[in-house]
Structure formats: structure tokens, C-alpha cells
There are 2 protein chains.
Amino acid sequence: MIRERKKKRSGPTRKEAILEMATVFFAEKGFRNTAIGDIARNIGVADGTVFYHYRTKEDLFVAVLENFKEELIRESRDYLAAGEFADGLEMVVGLIGFYLSLAARMEERFLLLHRHYPYQLAEANPACRRHLEDIYDFFASTYEQAIRRGQEDGSIRELPAHKTALIIFTMVDGLVRIGTYRLYQPGSLYDELVASCRRMLQPDKV
Amino acid sequence: MIRERKKKRSGPTRKEAILEMATVFFAEKGFRNTAIGDIARNIGVADGTVFYHYRTKEDLFVAVLENFKEELIRESRDYLAAGEFADGLEMVVGLIGFYLSLAARMEERFLLLHRHYPYQLAEANPACRRHLEDIYDFFASTYEQAIRRGQEDGSIRELPAHKTALIIFTMVDGLVRIGTYRLYQPGSLYDELVASCRRMLQPDKV
DNA sequence: AAAAACAATCTGAGTAGTCAGTCAGTATTT
DNA sequence: AAATACTGACTGACTACTCAGATTGTTTTT
């Protein structure tokens with residue numbers, strides 16, 4: 001079989017192609033409903049090739065999760081580095097908008113986090129658990145920093161920063177989930193969500 | 001085989017036993033990871049018996065969901081009928097507490113709603129979709145009623161009742177989910193959640 | 001430069017296992 | 001006798017993973 005050279009920068013390597021295709025399938029159909037053969041066939045590769053690069057299906061899943069985590073965190077860091085926020089409260093609002101835009105842009109991949117499988121796997125697989133914790137810790141601590149900043153500059157009232165961060169993150173992530181389920185049309189909730197958070201965080205008027 | 005009589009009130013019928021055991025397995029292990037044989041073996045019944053009462057595995061799942069929906073709504077109605085609330089805001093707070101206690105009491109069954117499978121099935125299976133919509137509509141509209149009542153009695157400010165109801169429900173349900181995943185210890189978030197909601201809903205002090 | 005040796009990558013038929021659903025026949029109830 | 005409830009061996013389809021051998025890429029030797 002004639003195969004394109006691959007080390008010489010001609011697109012993704014096969015290992016990368018497998019990871020990408022696996023991401024699509026795991027997100028869209030779930031772990032159990034994805035056959036290794038689905039992935040292999042879709043990139044024109046033999047089943048065995050998948051197992052050459054990833055020891056087991058589970059390993060492949062964890063690699064997909066790790067890859068997604070890294071992209072998530074990288075993009076978020078970029079946003080935070082570029083963004084200038086008037087105060088802590090505006091930073092919280094900015095983060096909410098960013099998370100929602102990220103979820104819209106990576107809609108398919110976010111499904112990975114909104115399925116039950118990874119959390120189940122996390123109980124038996126420490127690597128999986130670590131990736132999930134990394135993701136949640138990253139966002140929770142980012143919200144927390146914004147809240148503390150707001151408390152210093154007076155845009156946010158005194159309240160437990162960590163707990164409040166978790167509550168806001170839960171809220172925003174829940175909104176994304178509702179959108180995915182298509183039980184409600186979600187888009188219109190954004191403005192109200194931001195307004196609710198402002199009321200929740202702002203100091204009482206004096 | 002000697003079999004206990006069943007129509008004569010000696011415990012659940014076999015059909016009911018199958019439904020119960022299926023609930024446990026679908027909730028705990030998911031649809032795809034539950035084999036009909038698991039259910040049958042655990043109640044000492046042949047595989048064929050399950051298919052005698054439920055045409056397919058999918059039908060059985062929808063029956064489980066319907067059953068859960070009915071219990072959820074029945075219990076909630078009982079709570080609402082019994083509860084006396086000082087005003088609309090206290091009713092919202094009461095509902096939050098009730099939902100969390102329900103989720104704790106039916107922890108296993110709530111997993112049914114926190115898996116992705118039912119929402120995926122809903123896209124192809126109208127009965128499944130209807131049950132999910134019934135559940136979400138019920139809770140959303142209950143919160144909405146409480147908010148409207150609060151707006152009449154002055155305990156809640158002017159805000160879009162329906163959207164706010166969805167936001168609060170999302171928040172509370174998200175809290176339950178976080179608890180299930182065991183990534184954070186959730187219990188301690190309850191007080192802060194209620195405090196956040198009060199701030200979100202209360203009129204500005206004048 | 002060609003050949004040979006070595007290493008890395010890939011292949012796909014094969015294995016062993018699982019499981020939803022069927023059905024012909026048996027047991028129980030009415 | 002008829003209807004209903006139940007059985008469990010069987011079928012057909014699927015699938016994770018293996019492995020012996022093929023192909024390709026790189027390095028060393030001649």
C-alpha cells in the first residue's frame with residue numbers, strides 16, 4: 001500500500017488522526033457505543049493500528065480526555081491573558097460569557113464532559129480522575145480569583161469566594177447542558193443569567 | 001418449578017419486580033452496560049420472561065423512566081399540598097430544600113436523569129421525550145409559580161419568572177450532579193446556595 | 001551508492017466473549 | 001379447554017483485543 005510520508009509535516013500523524021476521530025465518536029455516541037472499528041474505518045486504517053498506538057480502548061478514551069483538557073485550559077489561559085476587566089465583577093461576567101462561547105464552539109467535545117461515563121471511569125482510573133479534577137479545579141479557581149479580586153476592589157460583596165465560585169460554575173455549566181439536551185431553547189437565558197449573577201454578587205446599595 | 005402465587009397480593013408481581021430491578025441496573029450501570037440477563041438472574045426469572053412483559057430493552061427503559069416520573073411528581077405534589085409557606089420567596093427556598101432531600105433519598109434513581117442516554121433516546125423516541133419534558137416542565141413551572149406568588153406578595157422583585165425559574169432549577173440540579181460525581185464534597189454548599197438565591201430574588205432594600 | 005540489517009509501523013483474519021431477541025414447548029390459572 | 005405466564009436453549013450480530021507476518025523507514029555496512 002502506498003502511504004504518504006508522515007514524519008515530514010504532511011498533516012497529522014496517524015496517531016493524531018486516531019485521537020481526533022476517537023474524540024468525535026466518543027463525544028457523539030459515547031464510549032460503549034463506539035466500536036474501535038468505527039474509528040479505524042473512518043480514517044482508513046486497520047483496527048490493529050489503533051491498538052498499536054493505544055493499548056486499550058480505555059487508554060484511548062483517557063488520551064482523548066487529556067487532549068481535551070489541555071485544549072480547554074490553553075484556550076482559557078489565552079482568554080485570561082488577553083482580557084482586560086474593569087473590576088472583579090466584570091471579570092466574572094466575562095468568564096461566564098467566555099465559557100458559554102467555548103461550549104458553543106466546541107459543542108461536540110463538551111458532550112464528553114456531560115456524559116456519565118468519564119465520572120464512572122474516574123472511580124477506577126486515577127488518570128481519568130485527575131483530568132476531570134484538573135478541568136473543574138481550573139474553572140472553579142478562576143472564578144474564585146475573580147471573586148476575590150472583586151472583593152478587593154469593592155465590586156463584589158463579602159461572601160465565601162470558593163463556594164460561590166462553585167455555585168456559579170455549576171449554574172453556567174448547567175445552562176450549557178440544558179442547551180445540549182434541547183429540552184428548552186437556551187440562548188435567551190444568557191442575559192438573565194448574567195443579571196442574576198450580578199444581583200447575587202453585588203454589594204447592597206447604600 | 002413451584003412459584004408463589006402472585007395475583008393474590010403476595011408482594012409485587014413479576015412485571016413489577018422486573019421494573020424495579022431494571023431501575024436499579026439502568027441507574028447504576030447505564031443502559032448499554034446492563035444486560036437483560038443481569039436483571040432476570042437477580043430476580044430468579046428466565047430471560048424470556050423479561051421479553052414477555054416488555055417487548056424490547058428500550059421499551060423497558062422507557063417504562064422505568066415513566067415509573068420514576070410518576071413517583072417524582074406524586075411526591076412533589078404531596079409536598080406542595082402539605083407545605084405552608086410564609087411567602088413566595090420562602091416557597092422557592094422550600095422547593096430547593098425539598099428537591100435536594102428528594103435527590104438524597106432517591107440518589108440511585110436520580111442517576112437515571114443525570115446520564116446522557118435518556119436525552120439521546122429522547123431524540124428518537126417520543127415517549128421518552130415526553131417523560132423527560134414532563135419532569136422538567138413540572139419542576140420549572142413549580143418554581144415559576146412560586147416566583148409569581150412572591151412577586152405578588154412583594155417578597156420577590158420584578159424579573160422574568162419563567163427564565164429565572166429555569167436558572168434556579170439548573171443551579172439546584174447542578175448541585176445534585178456535583179454531589180453524585182464526588183469531585184467535590186457538596187453538602188456544605190446548600191446554605192450558600194440558598195443565600196445566593198435570596199440575594200438573586202429579593203427586592204432591593206429601599 | 002547499493003545492499004543489508006534493524007527498527008518502527010501497520011495489517012486483517014482470527015479468538016473468545018457478550019448479548020438482544022426468538023420460539024417451541026411447558027407450567028399455571030381461569 | 002383455553003388463555004395466560006413463563007422457560008431457556010438457540011441464533012445472529014457485534015466487538016475488544018491478539019498476533020504472525022507484511023510493509024515502510026532508518027541506519028550501518030560494504
Side-chain angles (χ1 to χ4, degrees), chain A residues 1-26 28-64 117 120-121 124-125 128, chain B residues 1-26 28-65 117-118 120-121 124-125 128:
Chain A
M1 180 200 170
I2 293 130
R3 191 186 306 158
E4 300 206 358
R5 43 168 78 195
K6 62 186 170 352
K7 272 292 171 59
K8 289 290 189 66
R9 307 272 95 212
S10 66
T13 64
R14 286 189 158 181
K15 191 172 180 183
E16 287 162 356
I18 291 168
L19 195 71
E20 267 174 49
M21 192 56 71
T23 307
V24 173
F25 271 92
F26 286 149
E28 215 146 71
K29 317 216 313 160
F31 181 79
R32 198 65 158 61
N33 274 302
T34 296
I36 293 293
D38 293 340
I39 298 168
R41 199 177 333 104
N42 268 275
I43 51 180
V45 139
D47 289 20
T49 307
V50 176
F51 289 100
Y52 174 75
H53 289 291
Y54 300 93
R55 205 176 51 84
T56 64
K57 192 181 173 189
E58 193 177 303
D59 282 0
L60 176 55
F61 184 85
V62 173
V64 164
Y117 179 74
Q120 195 162 312
L121 183 59
N125 185 317
C128 177
Chain B
M1 178 200 170
I2 294 129
R3 191 188 305 156
E4 301 206 358
R5 44 169 76 194
K6 65 189 167 355
K7 273 292 172 58
K8 288 290 187 65
R9 305 272 99 212
S10 66
T13 64
R14 286 193 157 180
K15 191 172 179 183
E16 287 162 356
I18 291 167
L19 196 71
E20 267 174 50
M21 191 56 70
T23 307
V24 173
F25 271 92
F26 286 149
E28 215 146 71
K29 317 216 313 163
F31 181 79
R32 200 62 161 64
N33 275 302
T34 296
I36 293 294
D38 292 340
I39 299 168
R41 199 176 334 106
N42 268 275
I43 50 180
V45 139
D47 289 19
T49 307
V50 176
F51 288 101
Y52 175 76
H53 290 291
Y54 300 93
R55 204 175 51 84
T56 64
K57 192 182 174 188
E58 192 176 303
D59 282 359
L60 175 56
F61 183 85
V62 173
V64 164
L65 191 62
Y117 179 76
Q120 195 162 314
L121 182 60
N125 184 317
C128 177

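Numbers restart at 1 for each chain; the letters A, B, ... are given by sequence-line order, proteins then strands.
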Rounded distance in Å - OH (A:Y52) to C1' (D:dA20): 15 Å

Whole-Å gap separating P (D:dC14) and NZ (A:K29): 11 Å

Closest to side chain of B:A46, choosing from C:dG12, C:dC10, D:dG8: D:dG8

side-chain contact (heavy atoms from CB on, under 4.5 Å) partners of A:A63, counting only residues at least two apart: A:L19, A:Y54

Contact under 4.0 Å: B:R14 side-chain N or O vs D:dC6 OP1/OP2: yes

For A:Y117, all residues meeting ring pair (Phe, Tyr, Trp, His ring centres under 6.0 Å), sequence neighbours excluded: A:F31, A:F61

Taking only N/O atoms, report every protein-nucleotides 17-21 of chain C pair under 3.5 Å with atom names and distance.
| from | atom 1 | to | atom 2 | distance (Å) |
| --- | --- | --- | --- | --- |
| C:dA20 | OP1 | B:T34 | O | 3.2 |
| C:dA20 | OP1 | B:K57 | NZ | 2.7 |
| C:dA20 | OP2 | B:I36 | N | 2.8 |
| C:dG21 | OP2 | B:K57 | N | 2.8 |

Test side-chain contact (heavy atoms from CB on, under 4.5 Å) applied to A:T23 - qualifying residues, sequence neighbours left out: A:V64, A:R109, A:L112

Any A:H53 side-chain nitrogen or oxygen under 4.0 Å from OP1 or OP2 of C:dA8: no

Partner set under side-chain contact (heavy atoms from CB on, under 4.5 Å) for A:D38, not counting sequence neighbours: A:F25, A:K29, A:A35, A:R41

Atom pair distance, as rounded to whole Å: CZ in A:R41 and C1' in C:dT11: 16 Å

Under the side-chain contact (heavy atoms from CB on, under 4.5 Å) test, residues paired with A:D47 that sit two or more places apart: A:A40

Interatomic distance where NZ belongs to B:K15 and P belongs to D:dC6 [whole Å]: 11 Å

Least distance between heavy atoms, A:N125 atom then A:E58 atom: ND2-OE2, 3.0 Å

